[in-house]
Amino acid sequence: MSTFTIILAVLAIGLVGAVLGYRRSRAFAFADGPKLHSRPVYHASYVASWAVIPSLLLLSAWLIVSPIVVYSSVSTSFPEGVLAETSLTEDLAYGIVESIGGGLRVLPPEERSTITDSTPVADVSTMLRARGVPIASAAADWMVPLALQLNSMQATSRLLMTGVVILLALAGAFWGYRHIQPRLRARNSVEGVVRGALIVASSIAILTTIGIVFSMLFETIDFFSRISPAEFFFGTEWNPRFSGAGSDGSAGSFGFIPLLAGTLYIAGVAMLIAVPIGLFAAIYMAEYADNKTRSIVKPLLEVLAGIPTIVYGFFALITVGPFLRDLSAQIAGITTGSYTSFIQAQSVLTAGLVMAIMLIPFVSSLSDDIITSVPRSLRDGSLGLGATRSETIKKVILPAALPGIVSALLLTASRAIGETMIVVLAAGVAANLTINPFEAMTTITVKIVAQLTGDLEFNSPQTLVAFALGMTLFFLTLCLNIYALYIVRKYKEQYE
C-alpha cells in the first residue's frame, strides 16, 4: 500500500470515528443525566484527533527511520574488501544496488521469479535493458543478492508499516470513542491540539530561518578563515580569481565595497522613482478615485507585480537600455556636435528605472491598504471642521498612515536590494565603484550567482565568498525589516 493510500485510510478511519463520536455525544445530550461539558462537534474532533494524529506521527517516523535501517543492514552485507578493489564508495555501491532492486520490481512476476542469489548480473542487466531500465557498468554479481535482500526488507517494512499505522488509527479511534462521556473536557483537548498545530506551524517558519542562517554561517566562517574580514568588508577591488601557475598564489581580491555601493545605488535610484509614483497612485485610488475607477486601476497596477523579473530584464535589455543610449547620443549631438552616447545601455540608471517599474505596484498596493485602513472618523472630523480634501490628506490621513507607509517603503527597499535578474541584464556584471549613474555597476546578488555558476567545489575562497555575500545581504535586509517593525510598533498606537 502506498504512503498516499495509507494516509487516505487513516483519514477515513478518523472521519468514521468522528461521525460515531458525534452520534454518541448527541445520545448523551438527549438522555437524562448530566449536561455535556463540550458540544458534540468537539467530541467528534476528539475522536478524530486520537485516530489521525498518533498514526500520522508514527507514519512519518517510520518513513524516516526505515530507509536508514535498510541502508545500514545492506551496507554491512557488502563483501569485505570489494569496495577497495573496485574503487567504489559505499554510497555509490548502495545506489547501484538500489537501482538494481528498483529494476527488479519493474519486471513481470514470471521473470522476477527466475532471478536468485546466484543469477549473474549480466543476465539481470539483459532483462532490465529489455524493459528500458539502465544499469550502471560498475554493477557486479555480488550486488544481485543484496538487491533481492533490499527489496525483501523494503516490502516487509512497507507491509509492517501499513498494518501498524492502520491498527494504531483504529485503536486511537476506539480509545477516543470509549472515552466520550458527558463531563469529558473534549473542547479543552481539541483546543490543545489546535494550539499545538499552530505552534508547530510557527516553529517551521522559525526553524526554516535558522536553517537558512546556519547553511550559510559555517561556509562563511570557512571563507573568513582563509580571507581577512578587513580585506572583505573594506576592500575596494573585486577580482576573486586565483593567480596563474608560478605566481605568488594570491586568491585574488574580494573587496565588498563596490558590490555594496552598486546594490545601494541601484536600489536608491529605483526607490527614488518608485516611491513618489506609487505613493501618489495610492493616494489617488484611496481618496479621489470612485469605485469603478478603483476597480480598474488597482488590478492593472497589481498586474505589474505578477510579471516575472526576467521579463523586466528583457524589457531593460531590449527597450530601455538602447533607448537611453540613443537618447543620450542625440542630446550629445545637439549640444556638442559629437553623437557619442554618454549613457551606457547597461547602467545604474537603466537598472534603477526598470526596477522602479517593478516596485511601483508594491509601493502602491501596500500604501493604498494602509491609507484606506485609517478610520473614517478622522476624515469626517477634518472635513466637518472645514478642511479641504487635500488639507485632510496632508494634515490628517498621511500623518496617521505614516508609520505603515514607512514600513511598506522599507519592505519595498528590501525587495529592491534582493533583486537579481533585472540587474544582470540592465546593469551588467562589472564591479565598478563610481558615482556616475550612466555607467555600469553590479550588485551583491549578481555576484552570488556568478560565483556559484558552473562546476564548483566548496573548498576555495572564490566559491565560499558567495556564502559570505549571502550572509551579509541577509543581515542587511534583516536590519531593514527589523527597523520597519520598530517604526510600526512605536507609532501605531498614536492614532488608534
Side-chain angles (χ1 to χ4, degrees), residues 206-271 348 351 410-411 413-424 427-436 439-486:
I206 297 172
L207 293 176
T208 301
T209 304
I210 295 174
I212 292 172
V213 172
F214 276 97
S215 67
M216 297 186 295
L217 181 61
F218 296 111
E219 305 294 344
T220 302
I221 294 173
D222 188 10
F223 170 75
F224 284 126
S225 68
R226 306 175 186 215
I227 302 297
S228 170
E231 176 188 346
F232 177 75
F233 287 109
F234 302 106
T236 58
E237 181 184 358
W238 176 265
N239 188 22
R241 59 180 178 82
F242 290 106
S243 299
S247 62
D248 59 359
S250 173
S253 302
F254 295 89
F256 173 68
I257 296 297
L259 306 185
L260 179 63
T263 301
L264 298 180
Y265 202 173
I266 294 174
V269 171
M271 293 293 292
V348 173
L410 291 174
L411 292 176
S414 298
R415 176 71 179 82
I417 290 173
E419 177 54 38
T420 304
M421 294 311 303
I422 293 177
V423 183
V424 170
V429 295
N432 298 325
L433 186 59
T434 178
I435 61 172
N436 187 355
E439 295 183 1
M441 295 183 75
T442 194
T443 63
I444 298 173
T445 54
V446 172
K447 287 306 176 183
I448 291 175
V449 174
Q451 298 307 120
L452 294 179
T453 301
D455 297 331
L456 302 170
E457 295 181 0
F458 298 104
N459 57 2
S460 63
Q462 68 184 95
T463 302
L464 295 173
V465 69
F467 295 95
L469 292 173
M471 198 70 185
T472 307
L473 184 64
F474 174 82
F475 181 76
L476 185 62
T477 54
L478 180 64
C479 290
L480 283 175
N481 292 337
I482 291 175
Y483 185 66
L485 211 58
Y486 166 76

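Here, residue 1 is the first one in the sequence, and each next residue gets the next number.
Sorted by first and then second residue, the side-chain hydrogen bond (donor to acceptor under 3.5 Å, both in side chains) pairs with a member in residues 440-449 read T420-T445, T443-T445; sequence neighbours excluded.
Taking CD of Q451 as the start and CG of L464 as the end, the distance is 10.5 Å to the nearest 0.5 Å. Taken from CG in L469 to CG in L473, the straight-line distance is 8.5 Å, to the nearest 0.5 Å. F474 CZ to T220 OG1: the interatomic distance, rounded to the nearest 0.5 Å, is 11.5 Å. Taken from CD1 in I448 to CE in M471, the straight-line distance is 12.0 Å, to the nearest 0.5 Å.
Applying the side-chain contact (heavy atoms from CB on, under 4.5 Å) test to I221 and every residue at least two apart in sequence or in another chain returns L217. Looking at residues two or more places apart in sequence or on another chain, you find a side chain to side chain donor-acceptor pair (under 3.5 Å) between N481 and S414. Partners of I212 by side-chain contact (heavy atoms from CB on, under 4.5 Å), not counting sequence neighbours, listed by chain and number: T208, M216. Applying the side-chain contact (heavy atoms from CB on, under 4.5 Å) criterion to F475, with sequence neighbours excluded, gives C479.
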With a 3.5 Å cut-off and sequence neighbours excluded, list the donor-acceptor pairs that the side chains of residues 254-269 form with protein atoms.
from, atom 1, to, atom 2, distance (Å)
T263, OG1, L259, O, 2.8
T263, OG1, I444, N, 2.9
Y265, OH, I435, O, 2.7

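Side chain of E231 to backbone of F233: no donor-acceptor contact under 3.5 angstrom is found.
Residues E419 and M421 share a closest heavy-atom pair of OE2-N, 3.1 Å. Contact between A468 and F232 at its shortest, heavy atoms only, is CB-CZ, 4.1 Å.
Side-chain atoms of V465 and I227, non-hydrogen and from C-beta on, never get closer than 4.5 Å to each other.
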